[in-house]
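Both ligands and their constituent atoms are indexed starting at 1 by order of listing.
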Amino acid sequence: MGQRVGIFGGTFDPIHVGHLVAAVNAKDALGMDRVLLVVANVPWQKADLRAVSSAEDRLALVDAAVGDVPGLEASRLEIDRGGESYTADTLSELRQSGPNDELFLIVGWDVAGDLATWERHEEIQRLATLVVVNRPGAGHPQGLDDDGWTVVEVTVPNLEISSTDLRARALDGRPLDYLVPESAVRCIRARGMYATGR
Ligand code: ATP
Ligand code: MG
């Protein structure tokens, strides 16, 4: 018997409670056995735009944040594969390691609107059911079914939190507490991340 596995990819620079709340609620709503928080090695859509923290640092934060919440796992699959991170490769790797698993790709509204630009998205469509979660600041994505996706929508608490805002907060010394789990805040301090202003 295979498992129902959620794949929630991100840069997680840093991870925040918006990510975690989305992941646990998608897991619960669709009866998934586990959700992998897959840390992008080189996020090809972002790498040219700003300095991204090292993959190992971002993974350490995800690992700390997940703690022992049952069924949530930090995944280093894309880090171990190296190079640029493509979801199509990640899903086909998971398909090979678990041929009987049912795969669910979890994305927020902002990302759902961009899926047509993703590498080999037809391959992704064949490998996984798309799970779309609401996110404040982005519109409800249109036309996904027509574009060939098998889509399930899951409503999660609206949390207006982004890593971009958290990096700005850290830079000017404003608190990250309660937006980022305390275990991950400690990890950010210990690694001296985001703290160029201090
Ligand atoms: P950045 O501001 O650097 O882009 P981010 O907060 O958008 O960071 P990402 O790592 O880019 O975080 O996002 C990973 C996934 O998490 C995406 O699918 C995104 O839509 C989703 N996500 C991020 N924040 C939220 C949130 N507050 N509520 C729901 N989904 C979210
Ligand atoms: Mg983002």
Undergrad: Can L61 and D57 be said to form a side chain to side chain contact (heavy atoms under 4.5 Å, CB included), step by step?
TA: CA-CA 6 Å; L61 298 187; D57 277 345; 5.8 Å; no
Undergrad: Holding to ring pair (Phe, Tyr, Trp, His ring centres under 6.0 Å), I want the full list of residues that pass it with Y86, two or more places apart in sequence or in another chain.
TA: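 Checked Y86 against ring pair (Phe, Tyr, Trp, His ring centres under 6.0 Å); matches are W44.
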Undergrad: Run through ligand 1 for me and note each protein residue having a heavy atom under 4.0 Å from it, chain first, then residue number.
TA: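 Within 4.0 Å of ligand 1, protein side: F8, G9, G10, T11, F12, H16, G18, H19, K46, R50, V107, G108, D110, V111, N134, R135, L159, I161, S162, S163, T164, R167.
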Undergrad: Any ion pair linking D33 and R4 (charged N to carboxylate O, less than 4.0 Å)?
TA: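 Salt bridge absent between R4 and D33.
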Undergrad: Below 4.5 Å, heavy atoms only, C-beta onward: do I106 and I7 meet side chain to side chain?
TA: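 The answer is no, as the side chains (C-beta and beyond) never meet within the 4.5 Å cut-off.
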Undergrad: Report yes if the side chains of R167 and S53 come closer than 4.5 Å at any heavy-atom pair, otherwise no.
TA: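 No, every pair of side-chain atoms sits at 4.5 Å or beyond.
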Undergrad: Just so I know, are the side chains of R81 and D89 near enough to count as touching, which here means a heavy-atom distance under 4.5 Å?
TA: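 Yes - at least one pair of side-chain heavy atoms lies under 4.5 Å apart.
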